[in-house]
*Asks:* 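One structure, as structure tokens, below. Some questions next.
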Amino acid sequence: MNGLIDAAFARTRVVMTALVVVVLFGFISFKTIPREAEPDIPAPFVLVTMPLPGVSPEDGERLLIRPTELEVQSVEGLKQMDSLAYDGAAQIILEFETTIDVDQAVLDVREAVDRAKAEDPTDAEEPIVSEFNLQNQFPILTIILYGDAPERAIYQTAKHLQDQL
């Protein structure tokens, strides 16, 4: 390790030239690479909600989740499947490979859920299949302003901070 440091000190002009070139290329890259305030990042998640009024979590798992999971597990590109049963409904969260087309995955899941719907109880409501979009559901940044000031002043300060951000 000392040999590398000694070689760098012996060739200070080469090291400084390399440093300037790296910093210059970094600055050029920073200026030319496009940046977006809200980039569209596709999240390969699909959410299946199966409402059944009055069902217990145990019955929801047995009557709703298991038959649906058996049909959905054959969908192409499925990476992970998580289920949740609670009073009155059940949910299945499906994670797909990042290379999969999310719109096609939603269609495939909808077809699988329709096939499993034949085994649902007669009083079960229509299952809801939707894409789980992280960008629209969770804000990137949340700021809360409070204090001993009039509401109008707090609102103006919030607008000013929003513009600055």
*Asks:* If you look at every heavy atom in Pro53 and Asp123, which pair is closest and at what distance?
*Replies:*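 Here Pro53 and Asp123 meet closest at CD-O, 4.2 Å.
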*Asks:* Which value, rounded to the nearest 0.5 Å, describes the distance between Glu111 atom CD and Ser74 atom OG?
*Replies:*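 Separation between the atoms: 10.0 Å.
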*Asks:* Got Asp87 and Pro57 here, is their nearest side-chain heavy-atom distance under 4.5 Å?
*Replies:*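 A side-chain contact exists here, since the closest heavy-atom pair is under 4.5 Å.
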*Asks:* Is the closest side-chain heavy-atom distance between Glu125 and Leu52 below 4.5 Å?
*Replies:*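 No - every pair of side-chain heavy atoms lies 4.5 Å or more apart.
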*Asks:* Which atoms form the tightest heavy-atom contact between Val75 and Ala112, and what is the distance?
*Replies:*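 Taking Val75 first and Ala112 second, the nearest heavy atoms are CG2-CB, 4.2 Å.
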*Asks:* Determine the minimum heavy-atom distance between Arg62 and Asp59, stating which atoms define it.
*Replies:*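 Smallest heavy-atom distance, with atoms named: NH2-OD1, 3.0 Å.
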*Asks:* Can you check side-chain contact (heavy atoms from CB on, under 4.5 Å) on Asp120 and Leu64, steps first, answer last?
*Replies:* CA-CA 6 Å; Asp120 286 352; Leu64 299 172; 4.0 Å; yes
*Asks:* Same hydrophobic cluster for Ile154 and Leu161, using side-chain heavy-atom links shorter than 4.5 Å among ILVMFWY?
*Replies:*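 Same hydrophobic cluster.
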*Asks:* May I ask whether Met16 and Val23 are part of the same hydrophobic cluster, defined by side-chain heavy atoms of I, L, V, M, F, W, Y residues being less than 4.5 angstrom apart, directly or through others?
*Replies:*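 Yes, it is one cluster - the side chains of Met16 and Val23 are joined through contacts under 4.5 Å.
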*Asks:* Provide the closest heavy-atom pair for Ile100 versus Gly77 in the form atom of the first, atom of the second, distance.
*Replies:*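 In terms of heavy atoms, the two residues are closest at CD1-CA, 4.0 Å.
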*Asks:* Within the structure provided, determine whether Leu47 and Thr49 are in side-chain contact (heavy-atom separation under 4.5 Å).
*Replies:*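 Yes, their side chains come closer than 4.5 Å.
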*Asks:* Identify the two heavy atoms, one from Ser83 and one from Ile65, that lie closest to each other, and give their separation to 0.1 Å.
*Replies:*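 Answer, listing the atom of Ser83 first, then Ile65: OG-CG2, 3.5 Å.
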*Asks:* Would you say the side chain of Leu4 lies within less than 4.5 Å of the side chain of Phe9, judging by non-hydrogen atoms?
*Replies:*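 Result no, sub-4.5 Å side-chain heavy-atom pair not found.
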*Asks:* Specify the closest pair of heavy atoms between Glu61 and Ala85, including all atoms of both residues, with the distance to one decimal.
*Replies:*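 Closest approach of Glu61 to Ala85: N-CB, 4.0 Å.
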*Asks:* Determine whether Asp114 and Lys117 satisfy the following criterion, salt bridge (Lys or Arg N to Asp or Glu O under 4.0 Å), listing intermediate values before the conclusion.
*Replies:* CA-CA 5 Å; Asp114 287 342; Lys117 196 167 47 172; 3.7 Å; yes
*Asks:* Tell me, do Leu78 and Phe96 make a side-chain contact under 4.5 Å, heavy atoms counted?
*Replies:*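 Yes, close enough: below the 4.5 Å cut-off.
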*Asks:* Sort out for me which residue in Ile92, Asp108, Leu94, Val109 forms a side chain to side chain contact (heavy atoms under 4.5 Å, CB included) with Val129.
*Replies:*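 Of all the options given, the one that passes is Val109.
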*Asks:* Out of curiosity, Leu19 CG to Thr12 OG1, how far, rounded to the nearest 0.5 Å?
*Replies:*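 So the CG of Leu19 and the OG1 of Thr12 are separated by 12.0 Å.
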*Asks:* Distance check, rounded to the nearest 0.5 Å: Ile28 atom CD1 versus Phe30 atom CZ?
*Replies:*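 Between Ile28 CD1 and Phe30 CZ, I get 13.5 Å after rounding to 0.5 Å.
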*Asks:* When rounded to the nearest 0.5 angstrom, what is the spacing between OG1 in Thr68 and CG in Leu63?
*Replies:*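 CG of Leu63 is found 10.5 Å from OG1 of Thr68.
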*Asks:* Working to the nearest 0.5 Å, report the span between CD of Glu69 and CG of Asp82.
*Replies:*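 With rounding to 0.5 Å, CD (Glu69) is 9.0 Å from CG (Asp82).
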*Asks:* Is the shortest heavy-atom distance from the side chain of Gln91 to the side chain of Val48 under 4.5 Å?
*Replies:*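 No - every pair of side-chain heavy atoms lies 4.5 Å or more apart.
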*Asks:* Is any side-chain N of the basic residue among Lys79 and Glu97 closer than 4.0 Å to the acidic one's carboxylate O?
*Replies:*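 No.
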*Asks:* Could you check whether atom OH of Tyr86 has more than 12 heavy atoms from other residues, nucleotides or ligands sitting under 6.0 Å from it?
*Replies:*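 Yes, enclosed.
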